[in-house]
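Chain identifiers are assigned alphabetically (A, B, ...) following the order of the sequence lines, protein sequences preceding nucleic acid strands; residue numbering begins at 1 within each chain.
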Protein chains: 2
Amino acid sequence: MTSHPDESCCGSPHPIAPLPELTARLRREARRVTGPREAILDVLRRHARPLRIKEIHTLLGAGANCDLATVYRAMRLLEGMGMVKRVELGRRGSSFELLGEGDDGHHHHLVCTECDRVMELDSCLLETVEKGISLASGFKKVTHRLEFFGICPRCQSPAS
Amino acid sequence: MTSHPDESCCGSPHPIAPLPELTARLRREARRVTGPREAILDVLRRHARPLRIKEIHTLLGAGANCDLATVYRAMRLLEGMGMVKRVELGRRGSSFELLGEGDDGHHHHLVCTECDRVMELDSCLLETVEKGISLASGFKKVTHRLEFFGICPRCQSPAS
DNA sequence: CTGAGTGCAAAGTTTTTGCAGCCTC
DNA sequence: GAGGCTGCAAAAACTTTGCACTCAG
């Protein structure tokens with residue numbers, strides 16, 4: 001189990017991918033490397049935890065001069081390319097986190113129901129379950145989405 | 001594994017609770033049994049699968065004369081009372097399904113990514129995982145949300 | 001009778017879309 | 001230079017809220 005860096009906690013679970021490596025992935029798929037996209041990828045690589053669209057837009061700051069609609073479009077593109085994983089953490093709206101090259105993003109999260117802090121859980125033992133479900137149901141390409149919720153130690157103490 | 005009744009499939013996984021039993025639960029909590037609430041509960045008990053707010057509102061029909069805002073308010077109430085479970089199935093917005101008395105709602109779903117049909121999965125083996133996570137992380141009241149996605153047999157055939 | 005609950009209307013959020021101009025390739 | 005991408009604006013989709021009236025208990 002690893003905690004997230006950033007406001008929430010500390011210690012990155014994954015090595016931070018260099019920005020040029022990320023833009024290279026865009027180019028490889030014949031997508032253009034633009035200012036907004038570069039800025040968005042940079043925000044994502046510097047915050048290794050699920051970020052909401054609005055958070056990304058805010059973190060971009062006024063300098064990036066990037067429209068909210070552009071963030072939505074970029075995240076849809078990146079999701080489609082598998083560069084980013086969409087996570088639904090119960091709060092309103094989706095969150096996104098960067099995926100490493102070849103990372104299928106099959107880790108899961110532990111979310112505090114009080115303060116929304118997010119921890120990442122390391123292992124995923126559900127591949128065999130998926131196979132069993134696929135066999136029993138006839139479904140193909142079975143994947144899953146799994147999130148844990150609870151009250152974090154900080155929110156359990158009286159003065160949170 | 002059980003499939004859902006209704007448009008999707010057939011065979012109810014749970015016995016259908018009588019309407020008076022449901023309204024009794026309302027009264028027991030000192031909530032009023034009104035026309036709209038009764039109609040909403042009746043819709044829920046007759047469709048044993050996750051329903052979206054809009055679906056519920058539509059299924060109520062013009063006769064019920066129930067406002068969409070009232071459905072939202074009712075679902076929040078019922079969720080708070082534990083009579084209903086909120087499910088996020090990837091489509092936009094939440095879905096809800098009726099919970100039996102004493103049912104904690106810990107079953108999960110298999111959703112077709114093509115047509116959105118939903119099947120219910122019977123068992124949940126994650127309680128021990130939850131306990132382990134709680135021990136390792138210090139989180140309290142750990143619960144989880146788990147959904148499987150895939151392409152159902154019907155959507156795999158050429159003429160779906 | 002009393003206040004919880006409702007309909008209606010309006011506003012708040014989140015996400016998508018159309019379009020003209022810009023800038024990457 | 002061509003077309004993918006962007007900002008801006010508007011709208012669509014989803015959800016909440018304020019208020020006066022109604023009706024369940």
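Protein atom CG of L77(A) is 16 Å distant from nucleotide atom C1' of dT16(C), rounded to whole Å. When the C1' atom of dC8(D) is taken as reference, atom CG of L68(A) falls 12 Å away, rounded to whole Å. In this structure, R37(A) places its CZ atom 9 Å from C1' of dT6(D), rounding to the nearest Å. The CD atom of E55(B) sits 14 Å away from the C1' atom of dC14(D) (whole-angstrom rounding). Look at OH on Y72(A): it is 13 Å from P on dT17(C), rounded to the nearest Å. One atom, CG of L78(A), and another, C1' of dG4(D), lie 15 Å apart when rounded to the nearest Å. In this structure, CD1 of I40(A) is placed 13 Å from C1' of dG7(D), rounded to the nearest angstrom. Atom CZ in R86(B) sits roughly 12 Å away from atom C1' in dC14(D) (whole-Å rounding).
Closest contact between the side chain of R76(A) and the listed nucleotides dT17(C), dT6(C), dT17(D) involves dT17(C). Comparing dT17(D), dC19(C), dT6(C) against the side chain of A69(B) picks out dT17(D) as the nearest. Among dG7(D), dG7(C), dG25(D), the nucleotide with an atom closest to any side-chain atom of R27(B) is dG25(D). Counting only heavy atoms from C-beta on, T34(B) has its side chain closest to dT6(C) among dT6(C), dC14(D), dG3(C). For R32(A), whose side chain is taken as the heavy atoms from C-beta onward, the closest listed nucleotide among dT16(C), dT6(D), dC25(C) is dC25(C).
Residue K54(B) places at least one side-chain N or O closer than 4.0 Å to OP1 or OP2 of dC14(D).
Across R86(A), H109(A), H47(A), a single residue satisfies side-chain hydrogen bond (donor to acceptor under 3.5 Å, both in side chains) together with E97(A), and that is H109(A). With F96(A) as reference, I53(A) is the one residue of V71(A), I53(A), L51(A) to meet the side chain to side chain contact (heavy atoms under 4.5 Å, CB included) rule.
Along DNA chain D, the nucleotide nearest to D67(B) and the one nearest to A74(A) differ in position, and the one closer to the 5' end is contacted by A74(A).
With rounding to the nearest 0.5 angstrom, the CE atom of M83(A) is 12.0 Å from the CZ atom of R31(A).
On a pure distance criterion of 3.5 Å, no polar donor-acceptor pair joins the side chain of R31(B) and the base of dG25(D).
Taking a cutoff of 4.0 Å between a charged side-chain nitrogen and a carboxylate oxygen, R49(A) and E55(A) qualify as a salt bridge.
Residues P36(B) and T70(B) come closest through the heavy atom pair CB-CG2, 3.9 Å.
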